[in-house]
K.L.:
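I have a structure I would like to understand better, so I am pasting it below and will then ask my questions one at a time.
Residue numbers start from 1 in every chain, and the chains themselves are labelled A, B, ... in the order their sequence lines are given, proteins ahead of strands.
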Number of protein chains: 2
Amino acid sequence: MLFDDKVPIYYQIKNYLYHRIVAGDLQLGDKLPAVRQLAVDLTVNVNTVQRALREMIAEGYIVPQRGRGNFVTADAAKITTLKHELLRTYSQAFYRQLHALKLSDTEILQAIETYIEKRRDADD
Amino acid sequence: MLFDDKVPIYYQIKNYLYHRIVAGDLQLGDKLPAVRQLAVDLTVNVNTVQRALREMIAEGYIVPQRGRGNFVTADAAKITTLKHELLRTYSQAFYRQLHALKLSDTEILQAIETYIEKRRDADD
DNA sequence: ACTAGTGTTATATCTTTCTATAACACTATA
DNA sequence: TATAGTGTTATAGAAAGATATAACACTAGT
């Protein structure tokens with residue numbers, strides 16, 4: 001995984017794990033990789049992984065079991081809500097950015113349509 | 001202007017000014033507000049403003065004139081390119097985020113369409 | 001010349017993030 | 001009960017970002 005040096009790593013790890021959960025790579029109740037393993041995989045320090053997990057635990061998406069591991073919540077509704085929140089957050093950010101450039105609603109839609117079309121041709 | 005505490009302020013200022021240029025609030029050749037004034041308006045330190053400007057100058061979008069002020073480049077083509085880059089960057093980020101959630105191209109389009117529709121109803 | 005307005009640079013200090021390293025706490029199983 | 005696997009916490013140091021404050025450099029107009 002590559003990190004954007006403009007955003008705290010712990011924050012990107014959090015988003016990365018949320019993505020994997022919403023995408024279904026990590027199912028309800030699944031055990032996460034061990035913190036030390038995650039640290040190795042992501043080439044970061046254990047404390048940095050822990051910082052991300054601490055927040056996810058506080059938000060109720062991860063349930064820690066000391067000595068056993070960290071587990072994805074078994075609360076399906078919570079994950080559904082998370083997905084909707086992510087979709088809304090990303091859509092809102094995209095809309096606001098283009099709106100700030102004075103693009104109309106129609107032009108905003110066209111922008112993403114055009115991007116998707118071009119993408120199909122030259123796979124970037 | 002509100003800052004996102006997850007991203008360096010100087011970087012957000014840079015994007016903010018690029019937005020104002022692309023949106024046409026700042027025209028080709030226009031003089032920018034004085035650095036001290038910008039610092040007051042954005043409630044940040046002069047050095048922070050200067051850090052943003054330094055990079056914009058290095059990228060050729062701002063032309064500094066010591067003792068007179070900072071000016072938007074008069075190179076129209078450069079601004080056009082900037083607009084396209086911004087559109088592409090934002091579209092790409094949006095696409096990748098939703099693609100990582102395993103949404104299809106069609107679903108990605110629907111997501112932004114739905115957002116825009118809902119937005120019209122309850123103005124958020 | 002002086003002055004007001006402007007850009008530019010420097011210093012010291014604070015905060016946040018990240019790191020390396022180590023130790024401690026708990027669970028499951030041989 | 002020993003041990004391997006796991007989570008948790010702590011300390012000290014490095015690096016980046018932001019701040020307050022101050023000084024220096026240039027321009028334009030009086």
K.L.:
Is there side-chain contact between Gln27(B) and Val72(B), with at least one heavy-atom pair below 4.5 Å?
P.N.:
no
K.L.:
Answer yes or no: is there a side-chain heavy-atom contact under 4.5 Å between Asn47(A) and Arg51(A)?
P.N.:
no
K.L.:
Calculate the interatomic distance between Ile57(A) atom CD1 and dT6(D) atom P; express it in whole Å.
P.N.:
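So the two atoms are 16 Å apart, to the nearest Å.
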K.L.:
Go through the N and O atoms of the side chain of Arg36(A) and the base of dG7(D), and report whether any donor-acceptor pair is under 3.5 Å.
P.N.:
yes
K.L.:
Can you tell me which nucleotide in dG7(C), dT9(D), dT6(D) comes closest to the side chain of Gln50(A)?
P.N.:
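The listed nucleotide nearest to Gln50(A)'s side chain is dT9(D).
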K.L.:
Could you check Arg51(A) against Gln65(A) and say which one's nearest nucleotide on DNA chain C is further toward the 5' end?
P.N.:
Arg51(A)
K.L.:
Check for me whether the distance between the ring centres of His19(B) and Tyr90(B) falls short of 6.0 Å.
P.N.:
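For His19(B) and Tyr90(B), the ring centres are under 6.0 Å apart.
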K.L.:
Is the count of non-hydrogen atoms from other residues, nucleotides or ligands lying under 6.0 Å from Lys83(B) atom NZ greater than 12?
P.N.:
no
K.L.:
Can you tell me the distance, in whole Å, between the CD atom of Gln37(B) and the P atom of dG5(C)?
P.N.:
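Atom CD in Gln37(B) sits about 12 Å away from atom P in dG5(C).
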K.L.:
Please tell me which of Asp5(B) and Arg66(B) maps to the more 5' nucleotide of DNA chain C, matching each residue to the nucleotide holding its nearest heavy atom.
P.N.:
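That would be Arg66(B).
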K.L.:
Would you indicate which nucleotide in dT17(C), dT6(C), dG7(C) comes nearest to any side-chain atom of Pro8(A)?
P.N.:
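Of the candidates, dT17(C) comes closest.
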K.L.:
Suppose we call a contact any N or O donor and acceptor under 3.5 Å apart; does that hold for the side chain of Asn45(B) and the base of dA18(D)?
P.N.:
no
K.L.:
Rounding to a whole Å, what distance do you find between Leu38(B):CG and dG5(C):C1'?
P.N.:
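After rounding, the reported distance stands at 15 Å.
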K.L.:
Let's go through Glu107(A) and Lys102(A) carefully: what are the C-alpha distance in whole Å and the side-chain angles of both, what is the deciding distance for salt bridge (charged side-chain N to carboxylate O under 4.0 Å, His left out) to 0.1 Å, and is it a yes or a no?
P.N.:
CA-CA 9 Å; Glu107(A) 289 169 324; Lys102(A) 291 205 168 37; over 6 Å; no
K.L.:
Could you go through the side chain to side chain contact (heavy atoms under 4.5 Å, CB included) check for Phe3(A) and Val44(A) one step at a time?
P.N.:
CA-CA 11 Å; Phe3(A) 293 111; Val44(A) 297; 3.9 Å; yes
K.L.:
Using atom CD of Glu55(B) as one end and atom C1' of dG17(D) as the other, report the distance to the nearest whole Å.
P.N.:
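Result: 12 Å.
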K.L.:
State whether a side-chain donor-acceptor pair under 3.5 Å links Tyr18(B) with Glu85(B).
P.N.:
no
K.L.:
Between P on dT16(C) and CG on Asp4(B), what's the gap in Å once rounded to a whole number?
P.N.:
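That distance rounds to 15 Å.
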K.L.:
For residues 9-20 of chain B, which residues have at least one heavy atom under 4.0 Å from DNA chain D?
P.N.:
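Result for residues 9-20 of chain B: Ile9(B), Tyr10(B), sorted by number.
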K.L.:
Please report, rounded to the nearest Å, how far the C1' atom of dG7(D) is from the CZ atom of Arg54(A).
P.N.:
13 Å
K.L.:
Can you tell me which nucleotide in dG7(C), dA20(D), dG7(D) comes closest to the side chain of Asn47(B)?
P.N.:
dA20(D)
K.L.:
Go through Asp105(B) and Arg119(A) one step at a time and tell me if the salt bridge (charged side-chain N to carboxylate O under 4.0 Å, His left out) criterion holds.
P.N.:
CA-CA 10 Å; Asp105(B) 287 5; Arg119(A) 202 183 155 281; 5.1 Å; no
K.L.:
Separation of Leu42(B) atom CG from dA18(D) atom P, in whole Å?
P.N.:
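Computing the Leu42(B):CG to dA18(D):P distance gives 12 Å.
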K.L.:
Would you say dG7(D) has OP1 or OP2 under 4.0 Å from some side-chain N or O of Asn70(A)?
P.N.:
yes
K.L.:
Can you tell me how far P of dG7(D) sits from CG of Leu53(A), to the nearest Å?
P.N.:
8 Å
K.L.:
Reckon Arg68(A) has a side-chain N or O less than 4.0 Å from the OP1 or OP2 of dG7(D)?
P.N.:
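False: Arg68(A) side-chain N/O out of range (4.0 Å or more) of dG7(D) OP1/OP2.
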K.L.:
Could you check Thr48(B) against Val35(A) and say which one's nearest nucleotide on DNA chain D is further toward the 5' end?
P.N.:
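First, find each residue's nearest nucleotide; the 5'-ward one identifies Val35(A).
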K.L.:
Of the nucleotides dT8(D), dG7(C), dT8(C), which has the atom closest to the Ala34(B) side chain?
P.N.:
dG7(C)
